[in-house]
2 protein chains.
Amino acid sequence: MHLIPMRLTTFTDFSLRMLIHIALKPQGRATIAEVAQAYGISENHLMKVAHLLGQAGYVTTLRGRGGGLVLARPATDITVGEVVRRIEPDLALVPCFAKGDCVILPACRLKHALHAAREAFLAVLDATTLADIAVPDAELRGLLGIAA
Amino acid sequence: MHLIPMRLTTFTDFSLRMLIHIALKPQGRATIAEVAQAYGISENHLMKVAHLLGQAGYVTTLRGRGGGLVLARPATDITVGEVVRRIEPDLALVPCFAKGDCVILPACRLKHALHAAREAFLAVLDATTLADIAVPDAELRGLLGIAA
DNA sequence: CCTAAGATGCATTATCCATACACCTTATAG
DNA sequence: CTATAAGGTGTATGGATAATGCATCTTAGG
């Protein structure tokens, strides 16, 4: 038996917000400072998010003047499930005995149910693409202060 | 947009373990001290768990000598999903704007996807009963030190 | 070569949960 | 009727983890 920490951290939250923001920009380019301001969140933290998104191959990061972030793959090709799996640290398949503190592990049936439930959770997110959640309508752009 | 803290706390973990333990006992009765010892977990914490399980109507708590905990409903009637929904504090439907810190809430499409994913997660657990995960085989009882 | 942008590491702070402790209540045995 | 075994309750402490802040470096245009 074990505990599946399935909390989505703000790190993952910010990752998704950032991708949405970039996808909504007419030219498809945004800077960290711009996203941080739009959502009123920490620029420092966002920088780390941006870096990881770059390393994971979701965005291309451009340094220097006129730089910023650009989607590295089409929005229709990036699923929410994929991003969550990649960004959320504890969603990775961790052996239940990571802490080795459960006695009935070998015979634990709850483990299977929890695993199946988690897969069902991710399956729904796998069916949702960035294009689905970043529809460039006027309302969304308005709320984010993005000119059409 | 928001963040769904879907981590299962040890509180929920203990709740399920405790229910399993009671269900596995030949006479269907267990004490807090006994369960705490079997799993090597905090008796203090377990006591709060036991109390909540009692309030939620899953067990009947009996004070005094010869007391302990007894299932208040048949194991085939208690689903894991039901317990998780009841015990996990943040799984309750919290408005996304609980913190009021997200700008695009009104137009947020990610919200819907996350909500659907959570429902899929719980649906799997709804299909699992306590009887399914507390099968009284020799292995499980052996690991818990429960005599048949 | 100045400035705008991201990269990186470290330190600090905040949050939340698990745990411990202290004391109370209930009930049965003898 | 008292001792003891059980659960009930509230407060306080500690620890893990994550969010944040700060300092410094690197890269690229103009």
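Per chain, numbering begins at 1; letters A, B, ... match sequence-line order.
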- request: Report which part of the nucleic acid B:G54 touches: base, sugar-phosphate, or nothing (heavy-atom distance under 4.0 Å, all strands).
  value: nothing
task: Identify which nucleotide among D:dG21, C:dA7, D:dT20 has an atom closest to any side-chain atom of A:F14, counting heavy atoms from C-beta outward.
output: D:dT20
task: Measure from CG on A:N44 to C1' on D:dA23 and round the result to the nearest Å.
output: 10 Å
message: Does a side-chain N or O of B:H51 approach OP1 or OP2 of D:dT9 to a distance below 4.0 Å, or not?
response: yes
field: Donor + acceptor pair across side chains of B:T10, B:D13 (<3.5 Å)
entry: no
field: Minimum-distance nucleotide to B:T10 side chain [options: C:dA18, C:dA7, C:dT19]
entry: C:dA18
query: Are A:V124 and A:V84 grouped together when hydrophobic residues (ILVMFWY) are joined by side-chain heavy atoms under 4.5 angstrom apart?
result: no
- request: Let me know the distance between OH of A:Y58 and C1' of C:dG6, rounded to the nearest Å.
  value: 20 Å
- request: Figure out the CD/C1' separation between A:E43 and D:dT20, and round it to whole Å.
  value: 13 Å
- request: Would you mind telling me which residue lines up with the more 5' stretch of DNA chain C, A:M47 or A:R65, judged by nearest nucleotide?
  value: A:R65
query: Mapping B:K48 and B:R29 onto DNA chain D by nearest heavy atom, which one lands closer to the 5' end?
result: B:R29
- prompt: Is it the case that one hydrophobic cluster holds both A:L16 and A:L52, taking links as side-chain heavy atoms less than 4.5 Å apart, direct or via other members?
  reply: yes
message: Using the rule that Ile, Leu, Val, Met, Phe, Trp and Tyr join whenever any side-chain heavy atoms are under 4.5 Å apart, tell me whether A:F11 and A:I78 fall into a single cluster.
response: yes
field: Donor-acceptor pair, side chain of A:R109 and main chain of B:A134, under 3.5 angstrom
entry: no
field: B:E88 CD to C:dA18 C1', straight-line distance once rounded to whole Å
entry: 14 Å
Rounded interatomic separation in angstrom, taking CZ from A:R17 and P from D:dA19: 12 Å
- prompt: CZ of B:R63 versus P of D:dG7: gap in Å, rounded?
  reply: 10 Å
message: Rounded to whole Å, how long is the line connecting atom CD1 of B:I32 with atom P of D:dT9?
response: 11 Å
task: Report the distance from atom NE2 of B:H45 to atom P of D:dT9, rounded to the nearest whole Å.
output: 15 Å
